[in-house]
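All figures in this text were calculated on a predicted structure; none of them were measured in a lab. Proteins come first, then strands; the chains are lettered A, B, ... in the order of their sequence lines, and each starts at number 1.
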Amino acid sequence: MSLLDVKQLSIHFGGVKAVQEVSFSIDAGIVYSVIGPNGAGKTTLFNLITGVYKPTHGEICLDGESIVGKSPNELARRGMARTFQNLQVCMNMSALENVMVGAHLRLDRNLIKAALRLPSLARRDAELREEAAGLMRHVGLEQYIDARADSMPYGALKRLEIGRALAMKPRLIFLDEPAAGLNPKETIEVDELVRKIAASGITVVLVEHDMKMVMNLSDRILVLDYGKKLAEGTSEEVRRNPDVIAAYLGAHA
Amino acid sequence: MFKRAYFGLYLVIVVLAVLPFVVPNSFYLDLATRMAINAIIVLGLNLLIGFAGQISLGHAGFLGIGAYASAILPTHFGWHPLLAMGAGAALTGLLAAVLARPIFKLKGQYLAMATLGLGIIISIAVRNEADWTGGPDGMPVPAFGLLGFELSNDKQWYWVVAVLLAISTWATLNLIDSPFGRALRALHGSEVASSVVGVNVVRYKVAIFVLSAVFASLMGSVTAHYVGFVTPNLADFGHSIELVTMVVIGGMASVYGSLIGAVLLTALPQALATFEGWETVAFGAILMVCMIFLPKGLVPTLAARFGKGG
């Protein structure tokens, strides 16, 4: 059984069929990439799987159990984490607090205990602060541990989102264009970071335009075009697929 | 960083402790008591508006429920004032919880309108049910006693309210730097991001709405007993706006801003009394100037200018 099974997944926005009848499976522990030209439906696919959108029809199963219609916070409970293509960082909080929010479900969220600052809760929070600082170092943000989120540059915020997602201790992480807008040096750092995440046993689902990164990292690749599945396979298979070559480079390439 | 935040708490406690010995007369003690009552309400309201990023233009309605529960239940039914206060808070909490779910489907100006409507309905109800509430004339409130000890003079009230304010400030500081508080601030920052890390956004909005409403209700009860009389003005739309203004002027998402906002806006009408008839105009002008030059509110703006903290 695969970790994630997607069958005949579709969503229509009015007349626009953003994702049409897409099926694929992701095994636990691999790096699975979704590629395709702009507007192919990659982010929409992420939004469907992580519960942000509800599919028009189709089935999504996690551990063989349907998760269609579950809200994002329920899916978070089941070990699903994600980052966003257009940054979703809480600018009203410090960088460290953004990462700490990622640990939300692992904490005692009781209101009364919080208001009274019970020693057990305060101790746990102090530990979490350390843990979050460690995660920030892990994603290469050591110089921003004391920073406010709204004072950080774009590339650092991208990694802050990854840190927040890792604080959830997820089984499955969806990274939506983690290298978009980064310079070559930063891209290499993100590439290494994704490898580290995969090596730690977390299943990685990646949307990325940087083909070198995708081809190097991925165990399997799904190619979308105009909301439809164009091809799926290992990077070698995808690279040789004539339909993929046609979609990316033009028919005669 | 949060060590610094608690430093302000000690300052608040010192000021509260020294104040009754330095104020020249009971007029100022009364003013201080009213400031402290407002400060407690504004602390709760700032959790909702400043920290969680939701608006309520109907909080005076909740305050009114508490005040009238403390007036009606002991007067007409012979309830103990403490029980009446609890009943008012429970009723407010229940009403806020039931209404919050449909209300928080709304955002921005629609949320503002829904809470505005709620506040107006409550204020109309207390105005019209004259048999119970005394209508527009209001009604007297029995004294508040506990274990044979009656709270009667201004000094006693001041100490009670001062202790409540110190505790509320401490609890609020604790809350914002806790898992609950971070979730609250995170949903303000990005609803979608907070939901994908597992925050049940609707539940948190409802929780903080109910909490701030109950705060307002309890302080409504305290106001009723302290003043010894309630009028429908307590529950008025104008009063709701005044409370929101205290949040905004003091500073959104700032604990000490809440206190400063409450202190300034409670004092300002007194200070402007010399303008004779022009006080409302002066009041409005001051607010406008504040919003133009200190758009983030007093405390956050000054904190940003004179280093971090706040």
Side-chain angles (χ1 to χ4, degrees), chain A residues 46-47 50-52 71-84 86-94 96-118 121-122 124-126 128-129 132 146 148-150 161 164-165 167-168 170 174, chain B residues 1-3 5-6 9 43-44 47 50-53 167-204 206-208 210-212 214-215 251-254 296 300 303-304 308-310:
Chain A
F46 267 28
N47 282 335
T50 54
V52 176
S71 58
N73 55 295
E74 288 171 306
L75 294 173
R77 221 170 268 277
R78 303 182 60 161
M80 223 187 244
R82 75 170 283 187
T83 65
F84 296 87
N86 51 341
L87 291 171
Q88 292 290 343
V89 173
C90 302
M91 294 298 182
N92 54 338
M93 298 166 83
S94 75
L96 195 68
E97 283 175 327
N98 266 281
V99 178
M100 289 167 83
V101 166
H104 181 72
L105 289 173
R106 296 194 276 126
L107 302 172
D108 187 344
R109 305 173 302 267
N110 187 295
L111 168 67
I112 310 284
K113 285 187 195 168
L116 299 176
R117 199 172 193 85
L118 293 190
L121 205 76
R124 183 72 192 86
D125 242 29
L128 178 65
R129 227 166 252 282
D146 297 317
R148 297 164 46 105
D150 59 7
E161 283 209 340
R164 179 175 66 196
M168 297 170 69
F174 290 81
Chain B
M1 176 197 126
F2 61 88
K3 282 277 178 331
Y6 284 90
L9 175 63
L43 278 172
L47 282 174
F51 289 98
I167 294 173
S168 307
T169 308
W170 175 71
T172 309
L173 287 169
N174 290 344
L175 198 64
I176 56 170
D177 190 34
S178 75
F180 182 96
R182 281 194 299 271
L184 214 57
R185 288 184 287 147
L187 75 87
H188 184 191
S190 165
E191 273 193 28
V192 62
S194 50
S195 70
V196 301
V197 299
V199 177
N200 186 334
V201 171
V202 175
R203 242 186 77 198
Y204 275 82
V206 172
I208 200 59
V210 170
L211 184 78
S212 67
V214 168
F215 256 63
M252 305 254 260
S254 164
K296 285 185 169 170
K308 289 176 188 172

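Here B:Ser190 is the residue among B:Ser190, B:Gly53, B:Ser178, B:Ala183 with the most heavy-atom pairs under 4.5 Å with chain A. Contact count versus chain A (heavy atoms, under 4.5 Å) is highest, among B:Ala253, B:Ala171, B:Gly198, for B:Gly198. For the set A:Ala103, A:Ala76, A:Ala81, the count of heavy-atom pairs under 4.5 angstrom toward chain B peaks at A:Ala76. Of all the listed residues (A:Thr83, A:Leu107, A:Leu116), the one sharing the greatest number of non-hydrogen pairs under 4.5 Å with chain B is A:Leu116. Ranked by heavy-atom pairs under 4.5 Å with chain B, the first of A:Met91, A:Met100, A:His104, A:Glu74 is A:His104. The most heavy-atom pairs under 4.5 Å with chain A, out of B:Ala193, B:Gly181, B:Ser194, come from B:Ala193.
A:Asp108 and A:Arg124 are not joined by a salt bridge, as no carboxylate oxygen comes within less than 4.0 angstrom of a charged side-chain nitrogen. Ion pairing between A:Glu161 and A:Arg164 holds under the 4.0 Å rule for side-chain N and carboxylate O.
For A:Asn98, no part lies under 4.5 angstrom from a heavy atom of chain B. Only the side chain of B:Leu211 comes within contact range of chain A, judged by heavy atoms closer than 4.5 Å. For A:Leu111, the parts sitting under 4.5 Å from any heavy atom of chain B are the backbone and the side chain alike. Using a 4.5 Å cut-off between heavy atoms, A:Val52 contacts chain B through its side chain alone, with no backbone atom that close.
Under the 6.0 Å cut-off for aromatic ring centres, B:Phe180 and B:Tyr204 qualify, their centroids lying closer than that.
Distance check: A:Arg78 CZ to A:Asn73 CG gives 13.0 Å after rounding to the nearest 0.5 Å.
Under 3.5 Å, the side chains of A:Asn47 and A:Arg82 contain a donor-acceptor pair of N or O atoms. A donor-acceptor pair shorter than 3.5 Å cannot be found between the side chains of B:Tyr6 and B:Asp177.
In this structure a side-chain-to-backbone donor-acceptor pair under 3.5 Å is missing from A:Arg109 to A:Ala114.
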